[in-house]
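Data block below; observations after.
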Amino acid sequence: MGEKEIDNRFSRFGTVSFTSITKVNDFINYLEQGKIMGTRCKTCGERFFPPRADCCKSLDGNMEWLEVTGYGILQTFSTLYYAPAGFETDLPYTIAVVDFGSCKVFGQLDPAIDAKSLQIGMKLKIAVHKLNEKQLIYRFQEVQ
Amino acid sequence: MGKVGIIGVGQSRFVRSFRGSIRELAFEAFSEAMQDAALSTKDINASIICSAPEYDKQRSPSAVLAEYFGLNPQPTCYVESLCSSGTTGIRLAYSLVQSGLHDVVLVAGFQKMSEITSAESQERMGRGADIQWEAPFGTMMPAYYALHAQAHMTRYGTTLYDLAQIRIKSAHYGAQNDKAMIRQTLTMDAFVNPESKFTNPIASPLRMGDCCANADGASCVIVANEEKAKAFSRKPIWILGLGSATASVNMAGRNDFSGLAAAVEAGKQAYHMARVEPKDIDVAEVHDCFTIAELMAYENLGFAKPGEGAALIRAKETYAEGIIPVNVDGGLLSKGHPIGATGGSQVRTIVLQLRGEAGAAQVEDASIGLVHNIGGVGIYANVMILGRE
């Protein structure tokens with residue numbers, strides 16, 4: 001990328017992104033590869049999701065990327081029937097918090113899951129989803 | 001250290017759409033508080049203006065309001081902590097007075113939400129949380145509280161019926177409050193009849209009846225040191241305890257969704273400073289932006305043990321005649337929730353209760369009151385304990 005070019009990769013995150021430039025822009029490239037990545041401080045070992053560029057414990061930015069893998073446990077969820085501006089055509093959709101052990105992740109549920117079948121404590125996995133040519137997101141999916 | 005007292009309170013009517021500008025809206029509360037305290041503008045040493053940005057177009061509203069109030073050349077500043085901005089302003093006024101920097105500080109909160117649509121307003125509220133990692137999923141405030149409601153229901157067996165009881169209480173007292181936006185009493189029929197708008201799903205498990213409404217409104221609270229409070233006021237109400245805390249903005253940073261950790265922490269600080277316990281509170285105003293928020297407040301403030309908040313409302317113990325009267329002015333659910341004005345409105349209600357001037361909803365011989373004012377979904381929490389002595 002040339003020096004004068006603006007690296008606004010993060011504008012590709014989600015249905016509507018409200019941030020375009022961040023030090024963790026590489027998150028988007030990982031999404032393109034089908035990976036959902038957090039970060040880990042190489043100095044103190046603290047893990048972060050969402051990924052952070054800076055560690056508030058060791059006060060440095062010596063970070064490495066680490067993939068969120070395996071199964072998580074559904075902590076809580078809500079299905080939206082009313083949407084904020086910009087999300088009206090997505091309705092209804094379900095947001096959730098899932099605990100993957102080493103980190104918790106906030107996100108949306110795969111619309112293929114019947115919301116009536118949801119139960120706190122159930123197992124879910126996480127996967128990248130392409131909303132369109134440009135926008136990328138991650139969603140929680142059923143464990144078959 | 002001397003005491004710090006509240007010597008004047010005022011509030012505009014909370015309405016769906018105020019026919020005037022923000023300075024005119026704020027003036028309604030300002031003039032009422034000034035008349036209540038019988039002060040003139042030269043008696044005010046500084047002002048603090050509280051609201052959440054992006055509902056109206058005015059940047060830096062503190063200067064505009066200070067001018068309109070006739071409070072030049074006294075210093076002013078703008079304070080923001082989302083829906084808890086008003087009590088954050090009062091906390092700062094307390095410290096300005098207690099430090100000796102000023103004798104009398106005026107705190108005015110306002111919000112004119114009707115300048116944008118409801119969907120735009122929800123987008124703003126969603127952006128009051130984590131815009132980088134959560135808003136791209138389509139978040140809004142009812143959904144954040146719904147995550148907590150779902151967890152509370154699953155963990156403790158709380159039901160939609162319990163939540164409806166909170167709204168019914170709110171409606172009962174809202175009908176008596178001439179400053180409230182919604183003044184219609186409700187019965188359980190509104191929550192079981194599928195034709196009723198209150199059963200419309202918003203963000204499961206929360207329904208329309210569980211949610212407060214956007215409103216336009218303003219509030220004003222005048223804070224003074226002990227000497228001035230005694231000189232100016234026959235019935236000063238003293239700030240006995242202040243607690244304030246924060247919690248993770250991103251939901252991924254939370255360990256428990258059946259309560260608000262920041263409210264628990266702020267409550268502990270306020271009880272400690274005031275040297276009182278939950279059982280000593282005669283009347284409380286809690287931040288019921290949603291029915292579940294009031295239920296969690298019962299537990300987070302120690303009025304009920306965790307999981308036992310529903311039992312309190314089922315037994316009607318939070319009505320004016322109960323063990324711990326809560327939101328007997330109709331709360332946010334009936335008054336409406338003009339973000340920056342809400343905290344000051346809650347404080348006004350408790351001040352009137354402790355003065356014995358609360359009208360039909362007066363709690364008999366109330367001497368210690370509590371205010372619980374939350375910003376975002378427990379991102380910010382302020383708890384304040386007020387007393388007659």
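Chain identifiers are assigned alphabetically (A, B, ...) following the order of the sequence lines, protein sequences preceding nucleic acid strands; residue numbering begins at 1 within each chain. Any value given below was found using the heavy atoms of this structure, including those in side chains, with hydrogens, waters and symmetry copies removed. Quick caveat: nothing in here was measured; it's all calculated off a predicted structure.
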Measuring heavy-atom distances to chain A, does [X] have an atom under 4.5 Å in its side chain, in its backbone, in both, or in neither?
| X | result |
| --- | --- |
| B/T117 | neither |
| B/D256 | neither |
| B/S118 | both |

Is it the backbone or the side chain of [X] that comes under 4.5 Å from a heavy atom of chain B, or both, or neither?
| X | result |
| --- | --- |
| A/F13 | both |
| A/I137 | side chain |
| A/F87 | side chain |
| A/P51 | both |
| A/Q135 | neither |
| A/V97 | side chain |

Query raised in the report: What residue in B/E120, B/E134, B/M251 has the most heavy-atom pairs under 4.5 Å with chain A?
Result: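 Most heavy-atom pairs within the cutoff with chain A belong to B/E134.
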**Report entry** For chain A, the option from B/L206, B/T154, B/I202, B/I131 that forms the most heavy-atom pairs under 4.5 Å
**Finding:**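 Of the candidates given, the most pairs with chain A belong to B/I202.
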Is [X] salt-bridged to [Y], cutoff N-O under 4.0 Å?
| X | Y | result |
| --- | --- | --- |
| B/R127 | B/E123 | yes |
| B/D210 | B/R167 | no |
| A/D7 | A/R9 | yes |
| B/E115 | B/K112 | yes |

Query raised in the report: Any side-chain donor paired with an acceptor under 3.5 Å for B/T199 and B/S196?
Result: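 There is no such pair (donor and acceptor under 3.5 Å, judged by atom type) between the side chains of B/T199 and B/S196.
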With the side chain counted from C-beta on, respond yes when [X] and [Y] share a heavy-atom pair under 4.5 Å apart, and no when they do not.
| X | Y | answer |
| --- | --- | --- |
| A/I95 | A/F77 | no |
| B/H148 | B/L260 | yes |
| B/F191 | B/L160 | no |
| A/E142 | A/D110 | no |

Query - Partner of B/W133 under ring-ring contact (aromatic ring centres under 6.0 Å, His included), chosen from A/F106, A/F48, A/F18, A/F27 - result: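 Of A/F106, A/F48, A/F18, A/F27, ring-ring contact (aromatic ring centres under 6.0 Å, His included) with B/W133 is met by A/F27 alone.
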Query - Ring centres under 6.0 angstrom apart (A/Y138, B/F137) - result: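 A/Y138 vs B/F137: aromatic centres under 6.0 Å.
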Report task. Flag the one option from A/A83, A/S17, A/S78 with the top tally of heavy-atom pairs under 4.5 Å to chain B. Result ->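 Looking at each of A/A83, A/S17, A/S78 in turn, A/S78 comes out on top.
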Requested in this report: Select, from A/A96, A/P84, A/G107, A/G14, the one with the greatest count of heavy-atom pairs under 4.5 Å involving chain B.
Outcome: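 The option with the most such pairs is A/P84.
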Report task. On the 0 to 90° scale, with breaks at 30° and 60°, tag the B/Y145-B/F290 ring pair as parallel, tilted or perpendicular. Result ->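 Ring orientation of B/Y145 relative to B/F290: tilted.
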Requested in this report: Tabulate, in ascending numerical order, the residues of residues 293-301 of chain B having at least one heavy atom closer than 4.5 Å to a heavy atom of chain A, or enter 'none'.
Outcome: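 The residues closer than 4.5 Å to chain A amount to none at all.
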